[in-house]
Amino acid sequence: MHCDPRFARVREVFERQFADGEELGAGFAVHLDGELVVDLWDGLADRRTGRAWERDTPAFAYSCTKAVTAAVLLRLAEQGLVDVSAPVADVWPEFAAGGKRSVTVAHLLSHQAGLPAIDDRVPVEEFEDHPAIAARLARQEPVWEPGTAHGYHALTYGFLIGEVVRRVSGKSVGDLVAAEIAGPLHLDLWVGAPDDVVARAARLKAADRPAPGTRPAAPAGRTPAAAGEVVPDLMAEMARAALDPGSLMNRALGNPGMHLLEGGANNPVILRAGWPAAGVVTTARGLAGFYRALIAGEILRPETLRDATRQRVDGPDRVLFVQSSFGLGFMRPSMMFPMPSATAFGHSGMGGSLGMGDPERGLSIGYVMNRMTNTATGGLRALNLVQAVYGSLKSL
């Protein structure tokens with residue numbers, strides 16, 4: 001492991017979380033001004049076999065994928081292959097069905113399309129058939145008038161963006177990540193893992209079930225009291241939605257249903273499938289390296305990144321209820337993404353994983369783990385580590 005002495009408090013927090021039993025296995029990496037200053041890992045990659053977490057142990061990082069997918073599409077926009085301000089139907093004519101002719105690519109990227117859930121249950125046989133899933137969405141009517149509200153498109157984001165990518169490039173998001181981002185930059189990051197990576201990936205442990213009557217956890221690990229933003233009425237709405245299988249929240253988070261496969265997200269089908277909203281398999285160093293390269297202008301032009309991280313929507317989320325804020329595919333600081341800096345951007349992943357960059361401070365951070373938490377978009381462990389990084393900067 002490596003930790004620059006200037007960031008000793010980061011290592012202390014990382015080790016304390018293991019000592020307190022909060023972690024099973026995890027990795028955490030930080031670049032400062034392009035230099036790898038923190039590269040930590042510990043614990044078990046697989047508690048069933050006792051396999052240790054190594055420096056190159058990759059983990060499934062759920063929605064951290066969305067930022068990578070956004071970068072793929074924005075690269076195509078830079079090449080003139082797609083216009084993010086233009087209607088999706090310009091490149092995907094079937095998408096115009098159901099009154100969606102005016103939905104733009106930017107609406108997809110900023111969770112404004114009104115398609116957060118797939119109406120019909122996606123069969124397991126389609127899990128690796130992205131165009132088939134996208135065709136289901138193309139036939140649907142939006143839940144709200146596109147562009148008038150936003151709500152987290154937990155899984156549909158990827159099939160929508162992925163189909164636009166396929167239509168204009170003839171390739172999948174995963175193929176372009178491998179050929180144009182992860183491969184050239186030598187990043188341990190895959191959207192659709194090959195068999196050798198599947199074999200050494202960390203095995204996720206499901207979150208402990210909350211006790212009966214327990215209120216739903218605040219997104220990103222913030223408690224309502226600490227955040228000062230989740231009022232009792234909102235908590236009641238979240239609780240009702242969480243308990244209702246037919247709620248928009250549960251339909252958005254659970255279809256396609258990873259739980260239909262043995263082992264859920266640990267199943268090789270999921271690890272291979274490369275869902276562009278929740279399909280990345282990466283190390284902490286690979287995820288931090290992605291954000292380092294973004295900030296350095298190695299993936300997108302600086303002006304493209306500035307525009308992509310500019311706030312497009314902010315406020316109550318129609319799916320998750322709490323305040324969320326998005327640029328073009330990137331989370332902005334909000335209750336869903338509680339960063340210590342207004343210039344931070346990135347994406348968290350269900351259960352705890354996190355990738356982020358902060359161009360003003362020259363920071364890029366990646367955190368992956370295998371002990372899931374009961375939050376849709378993150379947890380306190382990542383936030384504790386990020387706060388320790390920023391605290392270390394203040395003392396430099």
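Numbers here are sequence positions counted from 1. Worth knowing before you read on, the calculation uses all heavy atoms, side chains too, and leaves out hydrogens, waters and symmetry mates.
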Might you point out which heavy atoms bring [X] and [Y] nearest each other, and give the distance in Å?
| X | Y | answer |
| --- | --- | --- |
| T57 | A52 | OG1-O, 4.2 Å |
| G264 | I270 | O-CG1, 3.6 Å |
| M331 | M336 | CE-CE, 3.4 Å |
| G349 | C64 | N-SG, 3.8 Å |
| F127 | P256 | CE1-CB, 3.7 Å |
| A154 | K66 | O-NZ, 2.6 Å |

Side-chain contact test, heavy atoms from C-beta onward, threshold under 4.5 Å: evaluate it for [X] versus [Y] and give yes or no.
| X | Y | value |
| --- | --- | --- |
| L73 | V84 | yes |
| F7 | L40 | no |
| R121 | N255 | yes |
| L253 | V319 | no |
| P116 | W144 | yes |
| D314 | Q323 | yes |
| H130 | R166 | no |
| E15 | D42 | no |

From the list Q17, E23, E22, side-chain hydrogen bond (donor to acceptor under 3.5 Å, both in side chains) with R381 holds only for E23

Hey, could you give me each pair passing side-chain hydrogen bond (donor to acceptor under 3.5 Å, both in side chains) that has a residue in residues 386-396? Not counting sequence neighbours.
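Checked against side-chain hydrogen bond (donor to acceptor under 3.5 Å, both in side chains) - neighbours excluded - the pairs reaching residues 386-396 are D358-Y390.
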
Going by side-chain hydrogen bond (donor to acceptor under 3.5 Å, both in side chains), name the pairs with one or both residues in residues 265-283, residues two or more places apart or in two chains.
none

Roughly how far, to the nearest 0.5 Å, is the [atom2] atom of [Y] from the [atom1] atom of [X]?
| X | Y | atom1 | atom2 | answer |
| --- | --- | --- | --- | --- |
| L24 | W53 | CG | CH2 | 8.5 Å |
| E360 | S341 | CD | OG | 6.0 Å |
| L155 | R251 | CG | CZ | 13.0 Å |
| R332 | R310 | CZ | CZ | 10.5 Å |
| I299 | F290 | CD1 | CZ | 5.0 Å |
| S169 | K171 | OG | NZ | 7.0 Å |

I would like to know whether F326 and R312 meet side-chain contact (heavy atoms from CB on, under 4.5 Å); could you show each step before the answer?
CA-CA 6 Å; F326 295 96; R312 295 307 201 284; 5.8 Å; no

Output yes when a side-chain donor or acceptor of [X] lies under 3.5 Å from a complementary backbone atom of [Y], and no otherwise.
| X | Y | value |
| --- | --- | --- |
| Q140 | A117 | yes |
| H347 | T65 | no |
| N370 | A45 | yes |
| R371 | G21 | yes |
| S364 | A288 | yes |
| W92 | V168 | no |
| K100 | P142 | no |

Ionic contact status for [Y] with [X], cut-off 4.0 Å:
| X | Y | result |
| --- | --- | --- |
| D46 | R200 | no |
| E12 | R9 | no |
| R292 | E298 | yes |
| R167 | E163 | yes |
| R136 | E126 | yes |

Would you mind writing out the side-chain donor-acceptor pairs for residues 173-197 within the sub-3.5 Å range, not counting sequence neighbours?
unit_1: D175; atom_1: OD2; unit_2: S172; atom_2: OG; d: 3.2
unit_1: E180; atom_1: OE1; unit_2: R75; atom_2: NE; d: 3.2
unit_1: E180; atom_1: OE1; unit_2: R75; atom_2: NH2; d: 3.1

Quick check on E262: does its CD atom have over 12 non-hydrogen neighbours (other residues, nucleotides or ligands) under 6.0 Å away?
no

The criterion is ring-ring contact (aromatic ring centres under 6.0 Å, His included); which residues satisfy it with Y62, sequence neighbours excluded?
F60

Report the residues that fulfil salt bridge (charged side-chain N to carboxylate O under 4.0 Å, His left out) with R47, sequence neighbours left out, ordered by chain and then residue number.
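Per chain and number, R47 pairs via salt bridge (charged side-chain N to carboxylate O under 4.0 Å, His left out) with no residue.
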
Give me the other members of the hydrophobic cluster that L36 sits in, counting Ile, Leu, Val, Met, Phe, Trp and Tyr linked by side-chain heavy atoms under 4.5 Å, directly or via other members.
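L36 clusters with nothing; isolated.
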
May I ask you to check whether F345 and Y291 place their ring centres under 6.0 Å from each other?
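Y291 vs F345: aromatic centres under 6.0 Å.
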
side-chain contact (heavy atoms from CB on, under 4.5 Å) assessment of L393 paired with L363
CA-CA 10 Å; L393 289 180; L363 278 178; 3.5 Å; yes

Go through the steps for L108 and F95 under the test side-chain contact (heavy atoms from CB on, under 4.5 Å), then give the verdict.
CA-CA 12 Å; L108 303 186; F95 185 81; 4.3 Å; yes

V386 and M339: side-chain contact (heavy atoms from CB on, under 4.5 Å), yes or no, with the steps?
CA-CA 8 Å; V386 169; M339 293 295 106; 4.2 Å; yes

Does a side chain donor of either Y152 or S63 reach within less than 3.5 Å of an acceptor in the other side chain?
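Present: a donor and an acceptor within the cut-off.
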
S324 side chain to H150 side chain, donor-acceptor N/O pair below 3.5 angstrom:
yes

